[in-house]
Amino acid sequence: MIKVAPSILSADYVNLQKDIEKVDKGGAEVLHIDIMDGQFVPALSYGPGWVKAIRPITDMTLDVHMMVQSPERFVDQFADAGADIIGVHVEATPHIHRALQMIKNKGVKAEVVINPGTPVSAITPVLYMVDQVLVMTVNPGFGGQKFLPETVKKIAELNEIKKSEGLDFDIEIDGGVNEHTVVGAYQAGATVAVAGSYVFDADDPVSRIKAIKDATK
């Protein structure tokens with residue numbers, strides 16, 4: 001069964017604590033926090049202060065996804081704010097090894113992220129040092145997009161490398177996830193599914209979390 005990571009990008013900011021508590025009690029294991037800088041992606045979102053404010057109100061794993069140019073600038077701040085996982089895009093820095101090493105040095109789990117147009121070969125040199133790989137199943141920066149089915153091949157490729165090299169990392173998917181699209185991704189090797197609008201736009205977010213889990217039993 002796949003782990004579910006609701007994205008607060010689609011939550012009600014005015015009632016954020018209530019929304020977080022709802023998905024926490026509803027069986028979600030991870031809380032996905034999208035950091036956007038208006039440069040790497042067009043949109044803007046939270047800073048480290050949001051992570052610091054969220055940390056005391058949930059025991060869920062805080063998965064901080066940095067869609068940020070030169071993410072090395074902010075690793076220490078998000079780690080100190082309480083992130084459990086910090087993800088950096090291989091496309092966002094020429095120093096991906098350094099960025100991941102900075103995360104590991106802070107005692108935080110390191111995640112490397114690839115966009116739909118980026119081949120798995122771009123990250124194979126650093127797979128040995130990561131705890132999680134995030135495969136973007138839509139183009140980053142906006143919620144509510146449709147799942148790109150061609151990304152499933154990348155999940156399968158990563159899973160094969162993981163097995164053949166004896167590596168141990170989670171494979172997370174992000175974008176267009178619902179109880180239908182998650183099935184193929186899960187069968188290909190995905191272990192964590194980010195879901196934003198599918199969960200938080202529903203009248204009953206908990207039922208949506210259950211639907212994703214039930215689809216991957």
Side-chain angles (χ1 to χ4, degrees), residues 1-37 41 43-68 71 74-88 103 106-111 113 131-132 134 136-138 140-145 147 170-179 181-182 190-216:
M1 188 186 303
I2 206 161
K3 294 179 182 178
V4 180
S7 170
I8 64 167
L9 192 62
S10 299
D12 178 357
Y13 296 171
V14 176
N15 297 292
L16 186 57
Q17 181 170 348
K18 183 179 177 181
D19 274 3
I20 290 172
E21 290 173 348
K22 187 179 295 182
V23 297
D24 192 347
K25 293 175 182 176
E29 297 91 347
V30 181
L31 194 67
H32 194 78
I33 304 173
D34 287 308
I35 310 302
M36 300 183 286
D37 67 349
V41 293
L44 284 167
S45 70
Y46 334 98
W50 281 78
V51 177
K52 186 176 181 180
I54 290 169
R55 180 70 283 172
I57 64 176
T58 182
D59 291 327
M60 280 190 291
T61 297
L62 299 188
D63 179 6
V64 174
H65 172 199
M66 289 208 290
M67 291 176 269
V68 172
F74 305 107
V75 164
D76 287 356
Q77 294 177 51
F78 281 103
D80 292 342
D84 296 301
I85 303 170
I86 295 178
V88 291
I103 296 168
K106 293 294 288 187
V108 175
K109 290 184 177 181
E111 171 187 75
V113 190
D131 302 284
Q132 186 161 282
L134 172 53
M136 291 301 300
T137 47
V138 298
F142 300 99
Q145 299 181 63
F147 185 91
D170 277 309
I171 301 174
E172 184 176 55
I173 56 172
D174 182 1
V177 172
N178 57 43
E179 79 273 25
T181 56
V182 75
T191 55
V192 185
V194 176
S197 54
Y198 176 72
V199 169
F200 284 117
D201 287 356
D203 292 333
D204 183 7
V206 173
S207 70
R208 293 291 177 86
I209 293 170
K210 184 176 184 299
I212 293 173
K213 287 181 172 292
D214 287 347
T216 57

Practice task
Side-chain contact test, heavy atoms from C-beta onward, threshold under 4.5 Å: evaluate it for Val194 versus Asp34 and give yes or no.
Solution key: no
Exercise for the section: Starting from the C-alpha separation in whole Å, work towards a yes-or-no answer on side-chain contact (heavy atoms from CB on, under 4.5 Å) for Met66 and Val75. Expected result: CA-CA 9 Å; Met66 289 208 290; Val75 164; 3.9 Å; yes
Exercise for the section: Decide yes or no for Phe200 and Asp19: does some side-chain heavy atom of the first lie under 4.5 Å from some side-chain heavy atom of the second? Expected result: yes
Fill in the blank from the handout: In short, Val108 meets Ala79 closest at the heavy-atom pair CG2-CB, 3.8 Å
Practice task
Would you mind checking if Glu179 and Lys213 are paired as a salt bridge, meaning a charged N to carboxylate O distance below 4.0 Å?
Solution key: no
Handout entry: Distance in Å, Ile57 CD1 paired with Lys18 NZ, rounded so as to fall on 0.5 Å steps
Key = 13.5 Å
Practice task
Please confirm whether the backbone N or O of Val4 pairs with a side-chain atom of Glu29, one donor and one acceptor, at under 3.5 Å?
Solution key: yes
Exercise for the section: Classify the side-chain pair Asp24/Thr58 by whether it contains a donor and acceptor separated by less than 3.5 Å. Expected result: yes
Exercise for the section: Classify the side-chain pair Asp201/Ser10 by whether it contains a donor and acceptor separated by less than 3.5 Å. Expected result: no
Practice task
Please confirm whether the backbone N or O of Phe147 pairs with a side-chain atom of Thr137, one donor and one acceptor, at under 3.5 Å?
Solution key: no
Handout entry: Tyr198 side chain near Val177 side chain, heavy-atom distance below 4.5 Å
Key = no
Problem - Distance, nearest 0.5 Å, that separates CE of Met60 from NE2 of His32 - result: 13.0 Å
Handout entry: Verdict with supporting geometry, Asp170 and Ile85, side-chain contact (heavy atoms from CB on, under 4.5 Å)
Key = CA-CA 11 Å; Asp170 277 309; Ile85 303 170; over 6 Å; no
Exercise for the section: Taking the side chain as every heavy atom from C-beta outward, state whether Val182 and Thr216 have any pair of such atoms under 4.5 Å apart. Expected result: yes
Practice task
Please confirm whether the backbone N or O of Ala195 pairs with a side-chain atom of Ser7, one donor and one acceptor, at under 3.5 Å?
Solution key: no
Practice task
Side-chain contact test, heavy atoms from C-beta onward, threshold under 4.5 Å: evaluate it for Met136 versus Val113 and give yes or no.
Solution key: yes
Exercise for the section: Mind checking the NZ-CD1 spacing from Lys22 to Ile20? Nearest 0.5 Å is all I need. Expected result: 12.0 Å
Practice task
Drop me the distance from His65's NE2 to Ile33's CD1, to the nearest 0.5 angstrom.
Solution key: 12.5 Å
Completion exercise
Closest non-hydrogen atoms of Ile8 and Tyr13, given as atom of the first, atom of the second and distance, are O-CE2, 3.3 Å
Exercise for the section: Search all heavy atoms of Arg208 against all heavy atoms of Ala202 and return the closest pair with its distance. Expected result: CG-CB, 3.6 Å
Exercise for the section: Taking the side chain as every heavy atom from C-beta outward, state whether Asp63 and Gln132 have any pair of such atoms under 4.5 Å apart. Expected result: yes
Exercise for the section: In plain terms, say whether Asp80 and Lys106 are close enough for a salt bridge, that is, a side-chain N and a carboxylate O under 4.0 Å apart. Expected result: yes
Practice task
Check Val199 against Pro6 and note the closest heavy-atom contact, atom names and distance.
Solution key: CG1-CB, 4.4 Å
Exercise for the section: Check the pair Arg55 / Leu62 against side-chain contact (heavy atoms from CB on, under 4.5 Å), numbers first and verdict last. Expected result: CA-CA 8 Å; Arg55 180 70 283 172; Leu62 299 188; 3.4 Å; yes
Handout entry: Distance-only polar pair, side chains of Asp84 and Thr61, donor-acceptor under 3.5 Å
Key = no
Handout entry: Any donor-acceptor N/O pair, Ser45 side chain to Met36 backbone, under 3.5 Å
Key = yes
Practice task
Quick one: do Phe78 and Ile35 satisfy side-chain contact (heavy atoms from CB on, under 4.5 Å)? Show the steps, please.
Solution key: CA-CA 10 Å; Phe78 281 103; Ile35 310 302; 3.6 Å; yes
Handout entry: Pairwise distance CG(Asp131) to CD(Glu172) - rounded to 0.5 angstrom
Key = 12.0 Å
Completion exercise
Rounded to the nearest 0.5 angstrom, the CD-CG distance for Gln145 and Asp174 is 9.5 Å
Problem - Shortest non-hydrogen contact from Pro205 toward Val23 - result: CB-CG1, 4.5 Å
Fill in the blank from the handout: Looking only at heavy atoms, the pair that brings Ile209 and Gly26 closest together is CG2-O, 3.8 Å
Exercise for the section: Determine whether more than 12 heavy atoms belonging to other residues, nucleotides or ligands lie under 6.0 Å from atom CG of Asp12. Expected result: yes
